[in-house]
Amino acid sequence: MVTRRGFIGRAGGALGVTFGVGLAADGAAAATAGPSDDWPDEAPFRFSGDMVDFEGAQRALLPLYDVKRNFATFDAAYYGAMTRPVAASYRAYSQWVNRNNSLFLRNAAPGHPRDAELDRSRAAVAKLLGAQTEEIALSGGGTEALYALIANYALLKAGDAVIYADVDYDEMQYACDYLEQSRGARIVRFSLPEPHTEANILAAYDRILKDTPRAKLLLLTHLSNRNGLVPPVKAIVAMAKTRGVDVILDSAQAVGHLPFTVDDIGADFIGFSLHKWLAAPLGTGGIYIRKARLQDIAPWLGNRIHGPEDIRARIPTGTVDFAARLSIPRAIDVQDAIGLEAKYRHLVRLRDYWVDRVRDVPGLEILLPQEPGRFGAVTGFRLPGMKGPDGAKQAAKLFLDKYRLLVVAKAGLASGPVLRVTPALFNSSAELDRLVAAIRAERGLFA
């Protein structure tokens with residue numbers, strides 16, 4: 001088999017010379033051929049691109065990705081796409097797991113026991129979030145993670161209220177609704193007022209908490225998949241805690257996107273994806289439960305594979321894509337080499353690039369105010385006169401068919417559906433220029 005070092009050498013060796021991506025300590029890329037029983041080897045990843053200059057950052061980042069360019073896809077909020085080094089890692093681990101098959105799956109591979117190797121991934125995620133390894137369990141994505149936290153929240157009694165807002169993700173709303181059916185909870189839904197300024201957001205959460213005396217649980221979205229809103233999370237978590245309300249934080253769009261640690265924001269329960277902004281393989285995510293609060297999330301459907309003192313009991317324990325989970329540290333290595341702060345600044349610049357060029361279109365609605373801290377890369381907009389879900393779907397189809405641009409129609413906001421634009425690190429200003437031109441050309445679509 002080809003080792004991980006070999007895959008990296010073949011997939012990205014030229015990048016080390018041409019684009020400043022180092023794949024070996026001496027700048028060379030090693031490769032091996034033929035079957036091997038060696039554990040996939042990891043050469044240090046280095047990135048020397050200029051992240052200060054906007055155009056320079058694009059030149060450095062674009063070669064890290066092997067993505068088709070016949071369409072410009074602005075949907076990193078769904079899947080961020082692996083970089084070449086992460087894809088190479090995933091291929092190498094897939095071959096190693098397949099070659100060792102049940103010996104590895106049964107925790108019996110000499111020198112590489114399954115749980116110890118997976119704990120390396122847990123530890124890497126814990127370091128990323130400023131948590132302890134025993135406070136992290138890996139999951140099959142953010143949705144699975146958040147279902148596990150919401151459905152198994154142990155402190156809820158019949159008649160207690162569960163609160164969520166229109167900006168929260170559909171399936172997490174459904175999970176809260178399930179608590180009404182299964183536990184006798186009272187569901188309290190509310191809509192955030194627009195414009196989504198910090199003052200308006202805090203006033204809305206303060207009001208709903210005051211008006212719900214039996215509130216016990218609040219679903220809070222770190223970055224909305226609908227319109228890109230980043231609320232003042234730390235302040236809302238603190239506000240809820242003073243009233244004895246627990247927060248389950250949906251950070252599916254935040255990990256690998258917004259710089260933060262668990263202590264920064266104060267939430268005790270967090271669910272997140274890793275295949276979006278961290279760009280780990282598909283089907284990776286996790287939960288964080290603050291150590292002192294572990295018993296307040298019950299084991300998944302009575303899971304006893306792990307003991308009640310183990311956070312991993314809170315996640316389904318079926319057979320998973322182990323190669324994907326083993327590749328998580330490589331995704332974190334790539335992000336660390338680029339720098340999360342630098343990555344975040346570049347994502348915001350991509351967002352501002354197209355938003356600033358369409359602000360003057362009469363009747364066009366940009367859903368987020370230009371207020372620092374209220375957004376990252378994600379932003380929703382409405383064409384002039386666009387109404388209802390059918391209008392949003394019509395516009396999204398037109399952008400795809402006529403302009404070869406993937407934007408996403410998103411419903412669920414009280415004010416109506418939007419078109420969501422989510423540039424990724426692999427998107428360029430030239431692709432964003434095409435988006436700007438399409439918006440301007442179709443400004444009269446619903447006139």
task: Check the pair W354 / F381 against side-chain contact (heavy atoms from CB on, under 4.5 Å), numbers first and verdict last.
output: CA-CA 11 Å; W354 74 268; F381 75 96; 3.8 Å; yes
- request: Apply the test side-chain hydrogen bond (donor to acceptor under 3.5 Å, both in side chains) to residues Q253 and Y169: give CA-CA distance (whole Å), side-chain angles for both, the deciding distance (0.1 Å), then the verdict.
  value: CA-CA 10 Å; Q253 298 290 348; Y169 185 49; over 6 Å; no
- request: Show your reasoning for whether salt bridge (Lys or Arg N to Asp or Glu O under 4.0 Å) applies to D119 and R122.
  value: CA-CA 5 Å; D119 280 350; R122 294 173 63 203; 2.9 Å; yes
- prompt: Where do R189 and Q173 land on the side-chain contact (heavy atoms from CB on, under 4.5 Å) test, with the steps shown first?
  reply: CA-CA 9 Å; R189 307 169 181 86; Q173 294 186 21; 5.8 Å; no
message: Could you go through R226 and T221, starting from their C-alpha distance and side-chain angles, then the distance that decides it, and tell me whether this counts as side-chain hydrogen bond (donor to acceptor under 3.5 Å, both in side chains)?
response: CA-CA 10 Å; R226 300 192 193 284; T221 300; over 6 Å; no
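Between H222 and F272, the ring center distance fails the sub-6.0 Å criterion. Centroid-to-centroid, the aromatic rings of Y93 and W39 come within less than 6.0 Å. A centroid separation of less than 6.0 Å is found between the aromatic rings of F190 and Y205.
Taking 4.5 Å as the limit, every side-chain heavy atom of K276 sits out of range of all side-chain heavy atoms of N225. Between V230 and H257, the closest side-chain pair of non-hydrogen atoms is not below 4.5 Å. By the 4.5 Å heavy-atom criterion applied to side chains, R59 and D53 are counted as neighbours. Under the 4.5 Å side-chain criterion, counting only non-hydrogen atoms from C-beta, V233 is not in contact with V247. Inter-residue side-chain proximity for P231 and I236 is flagged as met; some heavy-atom pair is nearer than 4.5 Å.
Within the structure, salt bridge (charged side-chain N to carboxylate O under 4.0 Å, His left out) pairs that include any residue of residues 192-207 comprise E198-R374, D206-K210, D206-R243 (at least two apart or interchain).
Under a cutoff of 6.0 Å and an axis angle of 45°, R114 and F104 do not form a cation-pi pair. Geometrically, R357 engages Y353 in a cation-pi contact, judged by NZ or CZ lying under 6.0 Å from the ring centre and within 45° of the ring axis.
Side-chain contact annotation: T379 with R351, donor-acceptor N/O pair under 3.5 Å present.
Test M82, R330, R325 against P281 for side-chain contact (heavy atoms from CB on, under 4.5 Å) and you get one pass: M82.
Ring orientation note: the planes of Y153 and F269 are nearly perpendicular, at an angle over 60° on the 30°/60° scale. Between H112 and W96, the ring-plane angle classifies as perpendicular under the 30° and 60° cut-offs.
No more than 12 heavy-atom neighbours from other residues, nucleotides or ligands sit within 6.0 angstrom of OH on Y178. Applying the 6.0 Å contact sphere to OH of Y79 captures more than 12 heavy atoms from other residues, nucleotides or ligands.
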